[in-house]
2 protein chains.
Amino acid sequence: MLIGELACQTGSTTKAIRFYEAQGLLPPPARTAGGYRDYGEDANARVSFIHAGQAIGFTLGELREVIAFRDHGQTPCAHVAALLEHKAKEVDVRLAELVELRKTLQGLRDRAAHLDPADCPPASVCHLILPNLPVQKHNIGRIVNG
Amino acid sequence: MLIGELACQTGSTTKAIRFYEAQGLLPPPARTAGGYRDYGEDANARVSFIHAGQAIGFTLGELREVIAFRDHGQTPCAHVAALLEHKAKEVDVRLAELVELRKTLQGLRDRAAHLDPADCPPASVCHLILPNLPVQKHNIGRIVNG
DNA sequence: CTTGACCTTACAGTATAGGGCAAGGTGTAG
DNA sequence: CTACACCTTGCCCTATACTGTAAGGTCAAG
């Protein structure tokens, strides 16, 4: 199977598959006489695994770790379970931040409805946006591939 | 006021302030005889405005738009209000995605507790991570500066 | 023999918000 | 005169997961 067919079957792209190989997520495949990558059937499962992992918020780096366990002859289940715990906590943190941000935004929308633009002081650009608003955490973070 | 003092007063850095200027968020300040940036008191409010905007999830690009209204002699309130609406919707979407992801992760943690690593088939790397899991949206996105 | 689809590598660019470092000028204190 | 703090510009680097483009090789069909 050439790279294009693998990409097609997995809903991926040839670029992505070469990238996964470069990142150590896919083993370097055999080559045809002409130098083309020649994949076996198991490649399909590997690429699907990568996509499934990305869908639940794993980075390629994390998936590489998981795959490394397999390549060392170990079951990656325990490591995956640990990653799941960590991810869940991460998501909880993000959720809390987002809920807080949502409240702040709602408060500002209410303010916007009551303040008169004519009273907006030029020096501070806009009176809708003021310091000391209750959002100090900065980002939401990428949980699943960007 | 030199750039270091402005940075200190606003809790920013000289790099960041020069960056804001390069991005059109701060007007090019006067210069001393020696070529140093020489800020007036209003610069303080501008930088604080930028930080406040970032804290509620505005990108520098969005803040530049807001500032542009002021620089064109208009009140930016209406535009800010529109941005707030948009941001709030964005956050709602992220929240929904994250909640869904959180559920999926919880389901996988439960599965991990019941599956035996000895049954994990090497071909698919790990039986904890399977396709068709109910998370299709990909990223959480940055809402506030990273 | 040529066309076209497919493949190869390598380099650059995307978005965001700066940080790090180099090489050098300025200004004040001792 | 020298040390030292501060300033200048300019260029590259960070993370993530690729995509785009260039320049060229392979292979089957017509």
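All chains are named by letter (A, B, ...) in the order of the sequence lines, taking the proteins before the strands, and each is independently numbered beginning at 1. Only this structure's heavy atoms are used, side chains among them; waters, hydrogens and symmetry mates stay out.
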Point to revise | M1(A) CE - dC6(C) P separation (whole Å) | key: 16 Å
Exercise for review: Decide yes or no for L108(B) and V80(A): does some side-chain heavy atom of the first lie under 4.5 Å from some side-chain heavy atom of the second?
Suggested key: no
Study note, to complete from the structure: Heavy-atom closest pair (T75(B) atom, F69(B) atom, distance to 0.1 Å) is O-CD2, 4.1 Å
**Study point:** Atom-pair distance (CZ on F19(A); P on dT14(C)), nearest Å
**Key:** 17 Å
Exercise for review: State, with a plain yes or no, whether a side-chain heavy atom of Y20(A) is found less than 4.5 Å away from one of L60(A).
Suggested key: yes
Check your understanding: Rounded to whole angstrom units, what separation is found between the NE2 atom of H51(B) and the C1' atom of dG18(C)?
Key -> 11 Å
Check your understanding: With nearest nucleotides of DNA chain C determined for G35(A) and I50(B) from heavy-atom distances, which residue corresponds to the more 5′ nucleotide?
Key -> G35(A)
Check your understanding: NA contact type, T32(A), heavy-atom cut-off 4.0 Å: base, sugar-phosphate, or nothing?
Key -> nothing
Check your understanding: Counting only side-chain N and O atoms of T14(B), is one of them less than 4.0 Å from OP1 or OP2 of dC6(D)?
Key -> no
Exercise for review: Measure the distance from CG on L25(B) to C1' on dG18(C) and round it to the nearest whole Å.
Suggested key: 13 Å
Check your understanding: Of all the choices, dT8(D), dA17(D), dA17(C), which nucleotide is nearest to the side chain of T59(A) once you look at every atom?
Key -> dA17(D)
Exercise for review: Write down the distance between CD1 (I17(B)) and P (dA17(C)), rounded to a whole number of angstrom.
Suggested key: 16 Å
Check your understanding: Does R111(B) use its side chain to pair, donor to acceptor, with the backbone of H127(B) at less than 3.5 Å?
Key -> yes
Point to revise | Heavy-atom side-chain proximity of L26(A) to I50(A) below 4.5 angstrom | key: yes
Exercise for review: Give a yes/no answer on whether the side chain of Y20(B) brings an N or O atom under 4.0 Å of OP1 or OP2 in dA17(C).
Suggested key: no
Exercise for review: Name the residue closer to the 5' end of DNA chain C, choosing between A33(B) and E5(A) according to the nucleotide with the nearest heavy atom.
Suggested key: E5(A)
Point to revise | Residue Q54(B), side-chain atoms from C-beta onward, closest of dC18(D), dT8(D), dA17(C) | key: dA17(C)
**Study point:** d(CD1, I3(A); P, dT26(D)) in whole Å
**Key:** 17 Å
Check your understanding: With respect to the phosphate group of dG20(C), does any side-chain polar atom (N or O) of R18(B) fall under 4.0 Å of OP1 or OP2?
Key -> no
Practice item. Look at the side-chain N and O atoms of R64(B) and state whether any lies under 4.0 Å from the OP1 or OP2 oxygen of dT16(C). Key: no
Practice item. Rounded off to whole Å, could you give me the CG-to-P distance for the L26(B) and dG18(C) pair? Key: 11 Å
Study note, to complete from the structure: Which of K15(A), R64(A), R37(A) passes salt bridge (charged side-chain N to carboxylate O under 4.0 Å, His left out) with E21(A)? It is R37(A)
Review point. Is the base of dC6(C) touched by the side chain of Y36(A) through a donor-acceptor pair closer than 3.5 angstrom?
Key: yes
Practice item. Give a yes/no on whether any side-chain N or O of R37(B) is located under 4.0 angstrom from OP1 or OP2 of dT9(D). Key: yes
Practice item. Can you figure out which of dT9(C), dC18(D), dC7(D) approaches the side chain of R31(A) most closely? Key: dT9(C)
**Study point:** Presence of Q23(B) side-chain N/O under 4.0 Å of dG18(C) phosphate oxygens OP1/OP2
**Key:** no
Exercise for review: Take atom CG of L63(A) and atom C1' of dC18(D), then tell me their distance rounded to the nearest Å.
Suggested key: 15 Å
